[in-house]
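Okay, so here's the structure we're looking at.
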Amino acid sequence: TGSFFFANLTDVALPTPHVQVSNFVQLNKNIITFKVVSDQLAPWTWFETPLQGVYNDNGILLLPNVPQTISFTSSSTVNVADLQSTLRVR
């Protein structure tokens, strides 16, 4: 579902969110899922890694205390330790 805000988010002074990443799960040799949650509204949350692959969702809106599951899919073998150590959330 979509979210509706009464002002443009670019015009609102938002508190700095604290985004937590947890529960990394290796689904197969190419796919890893993880959970993200923020304590504040976190629009345009972006995931980056130097590993080659794609996220099922990126540049997302995190609502306060609403966890989301993200999957990372690589065309080659990827492991949890490598993704965990290189994942950056912006």
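Here, residue 1 is the first one in the sequence, and each next residue gets the next number. Computation of the quantities below employed the complete heavy-atom set of this structure, encompassing side-chain atoms and omitting hydrogens, waters and symmetry-equivalent molecules.
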Between CG on residue Leu63 and OG on residue Ser38, distance to nearest 0.5 Å: 9.0 Å

CG on Leu41 to CG on Asn65, rounded to 0.5 Å: 11.5 Å

Derivation and outcome, side-chain contact (heavy atoms from CB on, under 4.5 Å), residues Thr16 and Gln40: CA-CA 7 Å; Thr16 302; Gln40 303 287 336; over 6 Å; no

Asn30 versus Ser76, closest heavy-atom pair with distance: ND2-O, 3.1 Å

Cluster overlap Leu27 with Val78, hydrophobic side-chain contacts below 4.5 Å: no

Trace of the side-chain contact (heavy atoms from CB on, under 4.5 Å) decision for Leu61 with Thr45: CA-CA 6 Å; Leu61 171 68; Thr45 302; over 6 Å; no

Tyr55: ring-ring contact (aromatic ring centres under 6.0 Å, His included) partners, not counting sequence neighbours: Phe47, Phe72

Transitive ILVMFWY side-chain link Val66 to Val89, under 4.5 Å: no

Distance, nearest 0.5 Å, that separates CD of Gln84 from OG1 of Thr86: 9.5 Å

Non-neighbouring partners of Thr69 that pass side-chain contact (heavy atoms from CB on, under 4.5 Å), sequence neighbours left out: Thr33, Lys35

Heavy-atom pair of closest approach, residues Val19 and Ala42: CG2-CB, 4.5 Å

Whichever hydrophobic residues join Trp46 through chains of side-chain contacts under 4.5 Å: none

Hydrophobic cluster identity match, Leu51 and Val21, side-chain contacts under 4.5 Å: yes

ring-ring contact (aromatic ring centres under 6.0 Å, His included) contacts in which one or both residues fall within residues 8-32, not counting sequence neighbours: Phe24-Phe34

Salt bridge (Lys or Arg N to Asp or Glu O under 4.0 Å) involving Arg90 - partner list, sequence neighbours excluded: Glu48

Atom pair CG/NZ of Asn79 and Lys29 - distance to nearest 0.5 Å: 13.0 Å

Verdict with supporting geometry, Leu62 and Val36, side-chain contact (heavy atoms from CB on, under 4.5 Å): CA-CA 8 Å; Leu62 286 177; Val36 293; 3.8 Å; yes

Contacts of Asp57 that satisfy side-chain contact (heavy atoms from CB on, under 4.5 Å) - sequence neighbours left out: Ile60, Ile70

